[in-house]
Number of protein chains: 2
Amino acid sequence: MSSPGPAPQTERDPASGAYLLEDQVGFVLRQVQQRHTTIFAAAFGEDMTPLQWAALAKLHDVGECSQNQLGRLVATDVATIKGVVERLVRRGLVETRPDSSDRRRLLLRLSAGGHTAYAAGVGTALAVTEATFGPLVPAERAQLLGLLDRLR
Amino acid sequence: MSSPGPAPQTERDPASGAYLLEDQVGFVLRQVQQRHTTIFAAAFGEDMTPLQWAALAKLHDVGECSQNQLGRLVATDVATIKGVVERLVRRGLVETRPDSSDRRRLLLRLSAGGHTAYAAGVGTALAVTEATFGPLVPAERAQLLGLLDRLR
DNA sequence: CGGCGATCGTTAGTGTACTAACAAGCCGCC
DNA sequence: GGCGGCTTGTTAGTACACTAACGATCGCCG
């Protein structure tokens, strides 16, 4: 695993009002996400990405919906969701069929294999969340989720 | 601006121990970053990305360093930093020269235009951080940064 | 009924973020 | 003094994450 890893800690100068890249939310956020992605990949292997998993999980929840609809559910634009769905279909986890009442729409739902993959993945997904939270105690985890939620 | 926007809030069922995508750190993290990127793009325009800005800022801090070194400073792998540097050089913000004492290395530093761009951008960057933090009061911001830092 | 705005999916293009493999150069250690 | 291991940068390939433009379809409203 040769991920970039954390940026070196810079000595803080609490007195100065200078611009410190290390203290900007965006910069820290990016690194936390990198770590999360690494943890996810280590747990699920190369054949499942966070977004693919999100699509799978949402599809499991809603049963059936159109491609763009799924995109909105997992907070992804239409161009990106197309690729994700394409890969899931190619791997036999998702099935598509035309919507008879709206010929623009492409309806999606989990295949049998998709349901199996979801069932097999839930535990792993929870473990990924656990590992990402790392050393934080439950109260801190809730606090973090609450704060992030307000920034969403 | 037709970003995906926040995923619809799902009704929480506090009693159930079910897997809720919306409650997983990774999922929330991704959306916060999306929002940050949108804010960044609105403030800086299309010609500057968060990573390009990070590279510029770091290069300003350290004065001169090699390409891989810069990658480590901004927490980016060698393949990605190459593209970033290439685009900054193409726009005349960064200059390169060979390292006479190590012929593998490519030394980088800000050009005059790069220094100007940095000086012009610091205020905007601070405004982006401010906007990203949104409604959080200072104590909450510090708390969030502290928690994120432990997850880095 | 007919037209017009909105939505659905597709495509092309740019940038980030990795992995894996490679050649070239550097350096320490036998 | 050379050899083997490390770092530096490059390339190719995959997957996200957008923008912008497009054709097809839908549905409302006059």
Side-chain angles (χ1 to χ4, degrees), chain A residues 1-5 26-27 29-31 33-42 44-55 65-72 74-91 96 98-108, chain B residues 1-5 26-27 29-42 44-55 65-72 74-88 90-91 96 98-108:
Chain A
M1 191 157 52
S2 66
S3 296
F27 189 70
L29 229 34
R30 198 176 113 250
Q31 287 173 76
Q33 253 226 290
Q34 282 175 353
R35 177 163 159 275
H36 174 257
T37 305
T38 301
I39 291 170
F40 190 101
F44 272 94
E46 331 159 337
D47 282 343
M48 184 65 69
T49 67
L51 184 51
Q52 287 173 23
W53 170 256
C65 71
S66 78
Q67 185 173 286
N68 282 5
Q69 222 170 330
L70 179 60
R72 285 190 293 270
V74 296
T76 295
D77 69 299
V78 294
T80 302
I81 199 65
K82 176 182 169 52
V84 174
V85 167
E86 183 187 304
R87 288 181 278 276
L88 290 174
V89 168
R90 201 190 305 146
R91 296 221 307 274
T96 68
D99 184 335
S100 52
S101 75
D102 186 341
R103 276 182 297 161
R104 296 169 304 176
R105 289 195 178 189
L106 189 64
L107 291 177
L108 313 175
Chain B
M1 188 161 52
S2 65
S3 295
F27 189 71
L29 229 34
R30 197 176 115 251
Q31 287 173 75
V32 175
Q33 251 225 292
Q34 283 174 352
R35 176 162 159 276
H36 173 258
T37 305
T38 301
I39 291 170
F40 190 100
F44 273 93
E46 332 160 335
D47 282 343
M48 184 66 69
T49 68
L51 184 51
Q52 287 172 20
W53 170 256
C65 70
S66 78
Q67 185 174 285
N68 281 7
Q69 224 169 329
L70 180 61
R72 285 190 293 269
V74 297
T76 295
D77 68 300
V78 294
T80 303
I81 198 65
K82 177 183 168 49
V84 174
V85 167
E86 183 187 303
R87 289 181 276 277
L88 291 175
R90 201 190 305 146
R91 297 220 305 274
T96 68
D99 185 335
S100 52
S101 75
D102 186 341
R103 276 183 296 162
R104 295 168 306 176
R105 289 197 178 186
L106 189 64
L107 291 178
L108 313 176

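Letters A, B, ... are given to chains in the order of the sequence lines, protein chains preceding strands, and every chain is numbered from 1.
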Checklist line | Below 4.0 Å: OP1/OP2 of D/dT10 and any side-chain N or O of B/Gln67 | finding: yes
Next item on the list: Round to a whole Å and report the spacing from CG of A/Asp77 to P of C/dA12.
Entry: 17 Å
Checklist line | Short side-chain N/O contact from B/Arg90 to OP1 or OP2 of C/dT14, under 4.0 Å | finding: no
Next item on the list: Name the nucleic acid region contacted by B/Thr37, choosing base, sugar-phosphate or nothing; use a 4.0 angstrom heavy-atom cut-off, strictly under.
Entry: nothing
Next item on the list: In whole angstrom, give the distance that lies between atom CG of A/Asp47 and atom P of D/dA15.
Entry: 9 Å
Item checked: Aromatic ring pairing A/Phe40/A/His36, orientation class (parallel under 30°, perpendicular over 60°, tilted between) -> tilted
Next item on the list: Select one nucleotide: of C/dC18, D/dC26, C/dC26, the one nearest the side-chain heavy atoms of A/Arg104.
Entry: D/dC26
Checklist line | Candidates C/dT16, D/dA17, D/dT11 - which lies nearest the side chain of B/Leu51 | finding: C/dT16
Notebook entry, point to check: For the side chain of B/Thr80, counting heavy atoms from C-beta on, which of C/dA17, C/dT10, D/dA17 is nearest?
Noted result: C/dA17
Next item on the list: Return the value, rounded to whole Å, for the distance between atom CZ of A/Arg35 and atom P of C/dA17.
Entry: 17 Å
Next item on the list: Looking at every strand, decide which applies to A/Asp102 at a 4.0 Å heavy-atom threshold: base, sugar-phosphate, or nothing.
Entry: sugar-phosphate
Check: Roughly how far, to the nearest 0.5 Å, is the CG atom of A/Leu51 from the CD1 atom of A/Ile81?
Finding: 5.5 Å
Next item on the list: Check whether any side-chain nitrogen or oxygen of A/Thr38 sits under 4.0 Å from OP1 or OP2 of C/dC18, and answer yes or no.
Entry: no
Next item on the list: Please determine, for the side chain of A/Gln52, which listed nucleotide (D/dT8, C/dT19, D/dC16) has the closest atom?
Entry: D/dC16
Next item on the list: Mind checking the CG-OG spacing from A/Leu108 to A/Ser66? Nearest 0.5 Å is all I need.
Entry: 7.0 Å
Next item on the list: Starting from the 5' end of DNA chain D, give me the residue, A/Ser100 or A/Thr49, whose nearest nucleotide shows up first.
Entry: A/Thr49
Check: B/Glu86 has an atom CD; how far is it from atom P of C/dG15, in whole Å?
Finding: 9 Å
Margin query: Please determine whether a side-chain nitrogen or oxygen atom of A/Lys82 lies at a distance below 4.0 Å from atom OP1 or OP2 of C/dG9.
Written below: no
Check: Between D/dC18, C/dG9, C/dA17, which one does the side chain of A/Ala79 approach most closely?
Finding: D/dC18
Check: Within the side chain of A/Arg30, is there an N or O that forms a donor-acceptor pair under 3.5 Å with the backbone of B/Pro50?
Finding: no
Margin query: Without decimals, in angstroms, what is the distance between A/Phe44 CZ and D/dA15 C1'?
Written below: 16 Å
Margin query: Among D/dT11, C/dT16, C/dC26, which nucleotide has an atom closest to any side-chain atom of B/Arg103?
Written below: C/dC26
Notebook entry, point to check: Of all the choices, D/dG9, C/dA17, C/dT10, which nucleotide is nearest to the side chain of B/Thr76 once you look at every atom?
Noted result: C/dA17
Note to self: Judged by each residue's nearest nucleotide on DNA chain C, which is more toward the 5′ side, A/Glu46 or B/Pro50?
What the structure shows: B/Pro50
Item checked: Nearest listed nucleotide, side chain of B/Asn68, among C/dC8, D/dC16, D/dT8 -> D/dT8
Checklist line | Main-chain N/O of A/Ala75 paired to B/Gln34 side chain as donor or acceptor, under 3.5 Å | finding: yes
Note to self: Please report the distance, rounded to the nearest Å, between CD in B/Gln31 and C1' in D/dC18.
What the structure shows: 15 Å
Notebook entry, point to check: Can you tell me how far P of D/dC16 sits from CD of A/Gln34, to the nearest Å?
Noted result: 16 Å
Checklist line | Among D/dG9, C/dA17, C/dT16, the nucleotide that comes nearest once only the side chain of B/Arg105 is considered | finding: D/dG9
Next item on the list: Would you mind reading off the distance between B/Gln33 atom CD and C/dA17 atom C1', rounded to a whole angstrom?
Entry: 11 Å
Check: Out of curiosity, B/Met48 CE to B/Leu88 CG, how far, rounded to the nearest 0.5 Å?
Finding: 6.5 Å
Check: Taking only N and O in the side chain of B/Arg30, is any of them less than 4.0 Å away from OP1 or OP2 of D/dA17?
Finding: yes
